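Heads up: the structure comes next, in structure tokens.
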Protein chains: 4
Amino acid sequence: MTTAELSKTRQAKKEAILKTATQVFSEEGFLNVNMQRIINACGISRGGIYLYFQSVDELFIEVIRSRSVRQFDLIRQELKDKPDFDKVLTDYLTDHKKRLLGLSQGKPSLLRAMYEYSFTHNTEADRRLKQKQVNATRATVQSLLNLGAEQGKLASDQVRLLAEELMLLIEGMNVLALTGELQEIQIDRQFQQFERQFDLIN
Amino acid sequence: MTTAELSKTRQAKKEAILKTATQVFSEEGFLNVNMQRIINACGISRGGIYLYFQSVDELFIEVIRSRSVRQFDLIRQELKDKPDFDKVLTDYLTDHKKRLLGLSQGKPSLLRAMYEYSFTHNTEADRRLKQKQVNATRATVQSLLNLGAEQGKLASDQVRLLAEELMLLIEGMNVLALTGELQEIQIDRQFQQFERQFDLIN
Amino acid sequence: MTTAELSKTRQAKKEAILKTATQVFSEEGFLNVNMQRIINACGISRGGIYLYFQSVDELFIEVIRSRSVRQFDLIRQELKDKPDFDKVLTDYLTDHKKRLLGLSQGKPSLLRAMYEYSFTHNTEADRRLKQKQVNATRATVQSLLNLGAEQGKLASDQVRLLAEELMLLIEGMNVLALTGELQEIQIDRQFQQFERQFDLIN
Amino acid sequence: MTTAELSKTRQAKKEAILKTATQVFSEEGFLNVNMQRIINACGISRGGIYLYFQSVDELFIEVIRSRSVRQFDLIRQELKDKPDFDKVLTDYLTDHKKRLLGLSQGKPSLLRAMYEYSFTHNTEADRRLKQKQVNATRATVQSLLNLGAEQGKLASDQVRLLAEELMLLIEGMNVLALTGELQEIQIDRQFQQFERQFDLIN
DNA sequence: AATGAATGAGCCTTCATTCAT
DNA sequence: TATGAATGAAGGCTCATTCAT
């Protein structure tokens, strides 16, 4: 086997572990996960996991990073074609609604793990990780609203305010959904209210 | 000493422990606190604390409960005198702003501990605890907005929607503040925007 | 139980552990001993030992310290009565001979443990510990030879040189004895040679 | 490649490993060395080294053996030419002095590794290894002193006694040097004293 | 009621050696 | 021969909770 092939194998194994770990973190959150659980899930040995990741933290960070990239790519793709703002917004909110309802019903999601990690890790590097996440969401919402501004659905100087409002609403809903407190009607009400702001303008 | 006096002593001791534990949890969160810290802070023995609380979890739950009651009392008191809605709302938002800025700067608060606890405890009883917290906030906001409705500052059927919106904004800001992502300008913008809704009506 | 009684109990327990640990270190040396062995020997629990000693190193240091004190006291006592130098020297060398033969035959002794510790620990504190040991031996030998000088068996300015010579001989024999290379005849030859130096003078 | 050439290659590789491992053990002692360090230093693979040596212990034993042979060869060479005893003795002691001072200052040497190994390994084979070392030193010193006897500098029946004395002094100094307790003046005093014995005879 | 010593489960990490390729 | 991924035993440490006094 050549070096290239070997490192290919290594990379593949690493990704396999990341994939399995993503499952585990999604189902169990961050704080309830220890190396043992990952080891069991991966069918790897106690020592084996350390060949790829030095700690649960390092593993988790890579899980988050690899996922962020994918998420970001998806959204950017959608907005490229300059579709109708009303439709995109509705789609976007609908996606979030689905996601939030899933969360409420205890559907596995990395979100819980991410919050657990954020709350309990405060090094500079950790904060940058969280910041990156928040910035990614903010950027997405702003791109979306910029599209709206381009299509004359809102004033440009409103973009930032509205982006933040939506971001905070979603953040709040995330938390309520994770603690099982969010009902469909609440999501609908808030999202309708948010969408109505654009109708009022026109 | 009579039985009554004894149980009075017992109650007093219990409350003293709760008070001290509240300090500890506020400063250190939930996950960083171990029995040793609480024992040291309370000047009680390792075994002694179990005479009052069956476990760390039970102790924490009582800390949260006792605080909720106090918070709820305070607000109810303020609203009793039917003060001017605009002023009460402004005060309320200003209080939250102060609190959020404190959180951002790492000022002690039970909120981090509460989140840490919620994320790591998922029994039915634990969920009810969080529910109670959310309901208390919701109830407070609704009481406040009901005052506004009474004073003709908003329609009665808007109360629930707006209460939820504010609650979600605050919840979202809590999370951002705790993970170090919230800036004063963001708080201002969102609260101003929220207040403006009442101006528009009149 | 009063505080004094409690700490008496604690001290007694600590000393019991030290005593057992001394046995273990004597039989197994330092490097082959881990907490588990001490735990097994003491009939204490895994966590229990940490109530008294933070690590094997700390435990070992206390073993050595407590023993040094005892050794030093013994020697000082003997020399107080100003006995006949020739006899004391002969006794001293005979004691060492017995000890060395014991070592050769694998009789338990802390010496092996002490060497193992010294070779593998080089912090300032560790060096001071070893220094203390060496100084104690040197001081003993010098006291003995000073007695000889007082009794006109050797010149005062020879004390240091001879003390060092004896110390180094003994150190060398220790090592050979520990690795099973020292025979009785060798000890006899060297000690006789050492004693002969005093006969020559007179 | 013929079988002979192959095994030549094999032998060369083995010696290359031994040479590198000697460096590593000299710098780090025995207990601080793990396979990883040797592997890194040799540029060989984790599994590869086991094609040449069955275990770390075996590798170390061969390191010691190969060095002994070399040492022994050197000395034997020097004595072949029947040089002047006084000079050879002085040279020999000067060499040891240099070596001991180097040890005191932490200069790399296999000696520490050898002691660490000896103290932690007590099989019959291990003891024989140490025995061989001691015997080699003894033989060297005896050869040297025999030269002196031939040149009339000491009586033949004194050779064994003096050889042992010197061996023990050196062994003692080794230990003190390794634990950082030996000073130059001590070496000088003892070696001068040792040399003076020959002056007295003549 | 109160103490604090004792327990033991739980988690982490390292490393010599093996084994499939 | 050569590789390096994988193994798993071994040891370390912490801490909530129990229990004898």
Side-chain angles (χ1 to χ4, degrees), chain A residues 1-3 5-7 9-10 12-14 17 32-39 42-57, chain B residues 1 6-7 9-10 13-14 31-39 42-59, chain C residues 1-3 5-7 9-10 12-14 17 32-39 42-57, chain D residues 1 6-7 9-10 13-14 31-39 42-59:
Chain A
M1 232 187 257
T2 67
T3 306
E5 280 170 332
L6 273 173
S7 70
T9 303
R10 185 184 159 78
K13 182 81 186 235
K14 203 168 169 177
I17 294 175
N32 287 318
V33 169
N34 58 27
M35 274 298 190
Q36 190 59 58
R37 295 221 190 191
I38 309 259
I39 285 161
C42 293
I44 201 176
S45 71
R46 207 152 189 55
I49 194 89
Y50 286 92
L51 296 174
Y52 298 96
F53 304 97
Q54 291 299 320
S55 66
V56 178
D57 281 17
Chain B
M1 230 188 260
L6 270 173
S7 73
T9 303
R10 181 182 163 78
K13 184 105 184 211
K14 205 169 166 177
L31 294 165
N32 284 323
V33 168
N34 59 27
M35 265 300 183
Q36 191 60 58
R37 294 218 191 194
I38 293 179
I39 285 162
C42 293
I44 201 175
S45 73
R46 218 166 181 65
I49 201 151
Y50 286 88
L51 298 172
Y52 298 96
F53 303 96
Q54 303 259 2
S55 68
V56 176
D57 284 11
E58 186 186 308
L59 175 55
Chain C
M1 230 188 259
T2 66
T3 306
E5 280 169 333
L6 273 173
S7 69
T9 303
R10 184 183 160 79
K13 183 80 186 236
K14 203 169 169 176
I17 293 174
N32 286 318
V33 169
N34 59 27
M35 274 298 190
Q36 191 58 58
R37 294 219 191 194
I38 308 259
I39 286 161
C42 292
I44 203 176
S45 70
R46 206 155 189 54
I49 193 90
Y50 287 91
L51 296 175
Y52 299 95
F53 303 97
Q54 291 299 321
S55 66
V56 178
D57 281 18
Chain D
M1 231 187 258
L6 269 173
S7 72
T9 304
R10 182 181 163 80
K13 183 105 183 210
K14 205 169 166 177
L31 294 165
N32 283 323
V33 168
N34 59 26
M35 265 301 185
Q36 191 61 57
R37 293 217 191 194
I38 294 179
I39 285 161
C42 293
I44 201 176
S45 73
R46 220 167 180 62
I49 200 152
Y50 286 88
L51 297 172
Y52 298 95
F53 303 96
Q54 303 259 2
S55 68
V56 176
D57 284 12
E58 186 187 307
L59 175 56

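Throughout, a chain's letter reflects where its sequence line sits, starting with A, and its residues are numbered from 1. Please read these numbers as outputs of a predicted model, since none were measured by experiment.
Atom CD of B:Gln54 sits in a sparse spot, with 12 or fewer heavy atoms from other residues, nucleotides or ligands closer than 6.0 Å.
We find that NZ of A:Lys14 is positioned 12 Å from P of F:dA5, with the value rounded to whole Å. Separating the CG atom of D:Leu59 from the C1' atom of E:dT17 is a distance of 14 Å, rounded to the nearest angstrom. The distance between atom CZ of C:Arg10 and atom C1' of F:dT21, rounded to the nearest whole Å, is 18 Å. Rounded to an integer number of Å, the gap from CD of B:Glu58 to P of F:dT17 is 10 Å. Taking atom CG on B:Leu31 and atom C1' on F:dT14, their separation rounds to 15 Å, with Å as the unit.
For DNA chain F, the stems formed by at least three consecutive Watson-Crick or G-U pairs, with both atom-pair distances below 3.5 Å, span E:2-21 with F:2-21.
The two residues C:Tyr50 and C:Met35 have their closest heavy-atom pair at OH-CG, 3.8 Å. Of all heavy-atom pairs spanning A:Ile39 and A:Arg46, the tightest one is CD1-NH1, 3.4 Å. Across every non-hydrogen atom of B:Leu59 and B:Ile49, the tightest pair is CD2-CD1, 4.2 Å.
B:Tyr52 comes within 4.0 angstrom of sugar-phosphate atoms only, judged by non-hydrogen atoms across all strands, and of no base.
Nearer to the 5' terminus of DNA chain E, by closest-nucleotide assignment, is the contact made by B:Leu51 (compared with the other of B:Leu51 and C:Ile49). For the pair B:Asp57 and D:Lys13, both in contact range of DNA chain F, the more 5′-proximal nearest nucleotide belongs to D:Lys13.
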Worksheet entry | Test side chain to side chain contact (heavy atoms under 4.5 Å, CB included) applied to B:Leu51 and B:Lys13, step by step | CA-CA 11 Å; B:Leu51 298 172; B:Lys13 184 105 184 211; over 6 Å; no
Practice prompt. Carefully, step by step, assess A:Phe53 and A:Ile38 under the rule side chain to side chain contact (heavy atoms under 4.5 Å, CB included).
Written response: CA-CA 11 Å; A:Phe53 304 97; A:Ile38 309 259; over 6 Å; no
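Side-chain contact check for C:Ile17 versus C:Lys14: every heavy-atom pair is 4.5 Å or farther apart.
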Worksheet item: What one-letter contact string describes nucleotides 8-13 of chain E from 5' to 3', where B marks a base within less than 4.0 Å of any protein heavy atom, S marks contact via sugar-phosphate atoms alone, and - marks no contact?
Response: B--SBB
